[in-house]
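Please read these numbers as outputs of a predicted model, since none were measured by experiment. Just so it is clear, the values below take in all heavy atoms, side chains as well, and ignore hydrogens, waters and symmetry mates.
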Amino acid sequence: MEESEPLLGARFEERSANGRCRWSLRTPNMDPRVVEDLRRRLKYFFMNPCQKYKARGRKPWKLMLQILKIALITAQLVSFGLSNEMMVTFKDENLMTFRHLFLKGYKDHQLGGHVLHTKTDVYDHIYYIIDSYINLQNLTVGNLAYEKIDGEYTPLLVCQEFYRNSNIDPGNETFYIDPRIDTDCFAIYPVRSLDNGSLATPLNFSLDFRRLLSINVYFTLKTINLQTVRHHELPDCYVFHVVITFDNHAHSGNIKVAVGNDVTINECRDWNVEGTSGENDYLLLFFDSVVILACFTSLILCVRSVVNGIQLQFEFNTFFHAYYNKIVTMSDRMEFVNGWYILIIVSDTLTIIGSALKIGIQTKFMTSYDECSILLGTATMMVWVGVIRYLGFFKKYNILILTLRAAFPNVIRFCCCAAMIYLGYCFCGWIVLGPYHDKFRTLDKVTECLFSLVNGDDMYATFMKMPENGYMVWLFSRLYLYSFISLFIYMVLSLFIALITDTYETIKHHQQEKAPVSQLQAFIAECRDEPESGRYQTDEESLSCCLLSCFCCGCRKKI
């Protein structure tokens with residue numbers, strides 16, 4: 001330890017006239033060439049691709065690959081988006097068709113949904129569904145057909161769920177109930193009544209509405225989506241597993257009727273489209289494979305760059321501690337971890353997985369449209385956000401990136417504090433105003449309503465929809481809304497904007513003075529070599545080995 005005293009005593013800092021730190025060494029055992037080589041390597045590491053090309057003549061393959069990848073991923077997303085749009089439209093239109101075919105008196109955009117109030121209406125609707133199912137071929141204008149399994153038609157099932165036993169007398173305010181649930185079903189086969197268009201045997205079933213929980217009608221229909229032919233895609237065969245639910249769980253006198261379906265998409269067994277040989281499908285599969293290959297190559301290159309940055313960080317940290325006896329700050333160490341590369345790595349991973357799902361969808365191996373849409377959509381968003389990195393090479397555009405990066409920690413801390421107040425208002429509004437206001441009926445509706453109020457949306461309607469049944473609740477609602485709007489719009493939101501504005505002014509001030517704001521930048525600023533100087537045409541491995549050997553010598557002397 002005695003040999004380290006001259007080293008620490010000889011180390012000092014010089015400060016130039018503009019306030020910038022100038023790091024100097026006064027260590028007799030220090031090779032100045034090693035320090036300059038490290039500065040030069042650090043400066044080269046933080047250069048943009050154009051500067052690196054001028055410094056060493058290496059073509060920016062990574063930059064060109066990212067630009068190519070943006071075009072490929074965008075084209076892939078547009079292609080999948082058009083197919084997904086046709087699929088979703090076809091599913092929604094068929095669901096609307098089922099509602100009109102099987103719900104008696106159904107009207108589009110009916111207020112409150114389709115609701116029944118009498119026993120006669122319930123029986124009529126069940127018979128109407130069965131008759132419509134039997135006469136489907138004579139009613140529908142679409143290409144709907146019954147499902148067959150092993151040559152047999154699958155039946156329509158009518159299942160009722162009810163409490164096992166109950167004795168309810170509202171007049172005497174007494175009841176006895178067994179909460180266990182039983183299910184009773186009967187089947188209707190369409191083949192038995194296709195000739196005469198009516199049931200072969202009359203139905204004989206009854207409903208005990210006091211015990212009834214729900215009635216579920218199940219049936220399966222098949223169709224083909226022919227509209228894809230116009231877009232040079234092979235049509236898919238769809239299997240709709242339809243369920244019509246009569247919900248009586250509340251026993252409030254309202255039985256809500258809803259139609260739902262579960263869709264299975266399969267490749268048609270036998271197809272023949274005039275002038276089509278399936279070549280387009282093979283081209284799409286080839287294109288998706290090219291996207292996967294490009295993203296995998298980009299992923300490898302970015303991972304390698306991140307690893308090199310981490311290695312250089314450890315090297316710089318060891319150097320700084322050995323010769324300056326200083327600990328590199330966490331902010332300086334994070335400079336070596338390029339956040340844009342992390343973004344590209346995540347984007348490439350999502351794109352590879354999404355493209356694999358897309359290939360599975362095209363080959364009808366799977367039908368995970370939602371998962372594929374989320375993966376490809378998120379990946380494309382990240383790719384286009386990453387374009388900001390290349391705009392940041394220009395100083396006039398770089399101010400946005402620097403402001404976002406500098407303000408992010410403070411913004412997160414500020415949002416955590418504001419979230420505590422926001423959640424407090426959410427829980428209070430839900431429990432107090434929920435029974436009286438539709439926008440506060442559930443917790444998720446409360447959060448959406450308050451977020452809309454923060455942005456100045458729908459304020460007057462929120463005030464006016466509050467009923468005036470109880471003066472105390474009405475007065476509380478006014479105090480609640482006025483205090484929330486005043487607090488978040490005039491204080492929280494203003495402070496949030498001021499936080500970002502202050503960070504912007506600080507970054508702008510440092511750019512005007514052109515002064516390094518960290519130890520790392522001050523150390524790199526000592527390197528005056530321009531990219532065109534030719535001083536960067538060196539062997540990195542020999543320099544790294546030389547530098548590590550100097551570190552080891554310095555450490556042994558300290559010991």
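- Side chain of Asp457 to main chain of Leu453: no donor-acceptor pair is present (N/O by atom type, distance under 3.5 Å, no hydrogens or angles).
- Ring planes of Tyr480 and Phe476: parallel class, angle under 30° (limits at 30 and 60°).
- Taking 4.0 Å as the cut-off between side-chain N and carboxylate O, Asp208 and Arg210 do not count as a salt-bridged pair.
- Between His251 and Tyr163, the shortest heavy-atom contact is CE1-CE1, 4.2 Å.
- Between Tyr482 and Phe463, the two ring planes are tilted [angle within 30° to 60°].
- In this structure, His114 and Tyr106 have tilted ring planes: the angle between them lies in the 30° to 60° band.
- Using a 4.5 Å heavy-atom cutoff, the side chains of Leu157 and Val217 are not in contact.
- The side-chain heavy atoms of Leu375 and Leu357, taken from C-beta on, include a pair separated by under 4.5 Å.
- At a cut-off of 3.5 Å, with distance as the only test, a side-chain donor of Thr118 or Asp121 sits close to an acceptor on the other residue.
- For the residue pair Gln76 / Ser355, a side-chain donor-acceptor distance below 3.5 Å is found, with atom types taken as modelled.
- Heavy-atom minimum distance, Gln137 versus Leu144: NE2-O, 3.1 Å.
- Side-chain polar atoms of His241 and Asn261 form no donor-acceptor pair below 3.5 angstrom.
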Asp182 vs Arg211, salt bridge (charged side-chain N to carboxylate O under 4.0 Å, His left out): CA-CA, chis, key distance, verdict: CA-CA 10 Å; Asp182 291 336; Arg211 295 190 297 155; 5.9 Å; no
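- Counting heavy atoms from C-beta on, the side chains of Lys69 and Leu72 never come closer than 4.5 Å.
- Residues Ala379 and Leu350 share a closest heavy-atom pair of CB-CB, 3.9 Å.
- Looking only at distances, a side-chain donor or acceptor of Ser477 sits under 3.5 Å from a matching main-chain atom of Trp474.
- Between Val263 and Met87, the closest side-chain pair of non-hydrogen atoms is not below 4.5 Å.
- With a 4.5 Å cut-off on side-chain heavy atoms, Lys465 and Asp438 do not count as touching.
- Ring geometry for Phe98 versus Phe219: interplanar angle over 60°, hence perpendicular rather than tilted (30 to 60°).
- Between Asp124 and Lys104, the shortest heavy-atom contact is CB-NZ, 4.0 Å.
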Phe90 and Tyr238: CA distance, side-chain angles, deciding distance, ring-ring contact (aromatic ring centres under 6.0 Å, His included) verdict: CA-CA 10 Å; Phe90 187 73; Tyr238 287 67; 4.9 Å; yes
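- Between Ile485 and Met459, the closest side-chain pair of non-hydrogen atoms falls below 4.5 Å.
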Full working for side chain to side chain contact (heavy atoms under 4.5 Å, CB included) between Leu212 and Asn248: CA-CA 7 Å; Leu212 181 66; Asn248 191 41; 4.1 Å; yes
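- Using bins of under 30°, 30° to 60° and over 60° for the plane-to-plane angle, the ring pair Phe488/Tyr425 lands in the perpendicular bin.
- The side-chain heavy atoms of Val290 and Phe286, taken from C-beta on, include a pair separated by under 4.5 Å.
- Here the side chain of Thr97 pairs a donor or acceptor atom with the backbone of Glu93 at under 3.5 angstrom.
- Interatomic distance, CZ of Phe296 versus OG1 of Thr351, reported as 14.0 Å (0.5 Å rounding).
- Panel note: side chain Tyr422, backbone Phe451; a donor-acceptor pair is recorded below 3.5 Å.
- Leu284 CG to Ser83 OG: the interatomic distance, rounded to the nearest 0.5 Å, is 7.5 Å.
- Counted within 6.0 Å of CZ on Phe408, heavy atoms from surrounding residues, nucleotides or ligands total 12 or fewer; the atom is thus considered open.
- In the model, Asn84 has a side-chain atom that pairs as donor or acceptor with a side-chain atom of Ser373 under 3.5 Å.
- The distance from atom CD of Glu448 to atom OG of Ser452, rounded to the nearest 0.5 Å, is 7.5 Å.
- Remark: the Ser298 side chain and the Gln66 side chain contain an N/O donor-acceptor pair separated by less than 3.5 Å.
- Between Asp288 and Lys358, at least one side-chain nitrogen of the basic residue sits less than 4.0 Å from a carboxylate oxygen of the acidic one, meeting the salt-bridge criterion.
- Without hydrogens or angle criteria, Asn338 side chain to Trp340 main chain gives a donor-acceptor distance under 3.5 Å.
- With sequence neighbours excluded, no residue forms a ring-ring contact (aromatic ring centres under 6.0 Å, His included) with Tyr128.
- For the atom pair NZ of Lys119 and CZ of Phe209, the computed distance is 6.5 Å after rounding to the nearest 0.5 Å.
- Proximity of a side-chain donor or acceptor of Asp247 to a complementary backbone N or O of His249 within less than 3.5 Å is detected.
- Remark: side-chain polar atoms of Arg441 are paired, donor with acceptor, to backbone N or O of Gly434 under 3.5 angstrom.
- Judged by the 6.0 Å distance and 45° axis criteria, Lys148 is positioned over the aromatic ring of Tyr153.
- In this structure, Ser347 contributes its side chain and Leu343 its backbone to no donor-acceptor pair below 3.5 Å.
- Checked options Ile421, Ile431, Asp444, Leu450; the residue passing with Cys426 is Leu450 (criterion: side-chain contact (heavy atoms from CB on, under 4.5 Å)).
- Taking both residues in full, the closest heavy atoms of Thr74 and Trp384 are given as OG1-NE1, 3.1 Å, listed atom of the first, atom of the second, then distance.
- The environment of CE in Met64 is crowded: more than 12 heavy-atom neighbours from other residues, nucleotides or ligands sit within 6.0 Å.
- A donor and an acceptor atom, one from each side chain of Asn216 and Thr245, are located under 3.5 Å apart.
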List the steps, then state whether side chain to side chain contact (heavy atoms under 4.5 Å, CB included) holds for Phe246 with Ile244. CA-CA 7 Å; Phe246 297 76; Ile244 302 177; 4.0 Å; yes
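- In this structure, the separation between CD1 on Ile255 and OG on Ser214 is 10.0 Å, given to the nearest 0.5 Å.
- Closest approach of Ile345 and Cys302 over heavy atoms only: CG1-CB, 3.7 Å.
- At least one side-chain heavy atom of Ile359 sits under 4.5 Å from a side-chain heavy atom of Ile292.
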